[in-house]
Amino acid sequence: MDKSLYMEEALKEAYKAYNKGETPIGAVIVKDGEIIARAHNLTEELSDSTAHAEILAIRQASEKLGGWRLINCDLYVTMEPCIMCSGAIINSRIKNVIIGTRHIKNSKMERQHEFKIDYFRDNNVEVTFGVLEDECSHILQEFFRALRIKY
Ligand SMILES: [Zn+2]
C-alpha cells in the first residue's frame, strides 16, 4: 500500500486531537500491511506530558502483539517526533519511521533535527520525511494560528 494512504489515517487521528483542543498530531503503526495501532496526542485529556501520539500508539501496538519488541513495524506520524518519542521508537525496535512534516524551523529545532537523524541512523531506523507534508503542516498551522487569536 502507498505510504500516503497510511499517513491519511495518521492525519485522521491528528484531526481528532484538533477537535479536542489537543496539539494536532496523529500516529499509526503498521505491521504486514495492517494498521495495528492508532493514536493522537492526549496530553491535556490525560494530564500526562508523555501522552504523545507516538507513545500511545507504541503502547497499543505492544499490547496487541503481546510484547514490547515491535519487529517489522512501521510508524507513521504527522509531525517529526520529539526527542522523547524518538527514544521510544528506537527502544521499541520499530524499523521504519515515516514523517509528515518537520518541526517548525528555528535554530534549536534544527540542532535537534540533526541529532535525531543521527540517532535514528545509529540505531538502524529508516526515516522518511515529507509524506503528505502540506496536509500535515496545514493542520498544525491552523491550530497555532487559532491559539494566537485566542490568547
Ligand atoms: Zn513526542
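Read the numbers this way: they start at 1 and go in the same order the structure lists the ligands and their atoms. Numbers for residues simply follow the sequence, beginning at 1.
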Candidate pair Asn41 and Thr43, rule side-chain hydrogen bond (donor to acceptor under 3.5 Å, both in side chains), full reasoning: CA-CA 6 Å; Asn41 264 18; Thr43 48; 4.9 Å; no

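- Hydrophobic cluster membership of Leu42, counting Ile, Leu, Val, Met, Phe, Trp and Tyr whose side-chain heavy atoms lie under 4.5 Å apart directly or via other members: Leu46, Leu56.
- Around the Zn ion (ligand 1), the protein atoms of type N, O or S that sit closer than 2.8 Å are His52 ND1, Cys82 SG, Cys85 SG.
- Under the salt bridge (charged side-chain N to carboxylate O under 4.0 Å, His left out) criterion, Glu44 pairs with no residue at all, not counting sequence neighbours.
- A salt bridge is defined here as a Lys NZ or Arg NE, NH1 or NH2 lying under 4.0 Å from an Asp or Glu carboxylate O, and Glu45 with Lys20 meets this definition.
- Applying the ring-ring contact (aromatic ring centres under 6.0 Å, His included) rule to pairs touching residues 82-123 yields His113-Phe129, Phe115-Tyr119, sequence neighbours excluded.
- Ion pair Arg59/Glu54 not flagged as a salt bridge, since none of the NZ, NE, NH1 or NH2 atoms sits closer than 4.0 Å to an Asp/Glu carboxylate oxygen.
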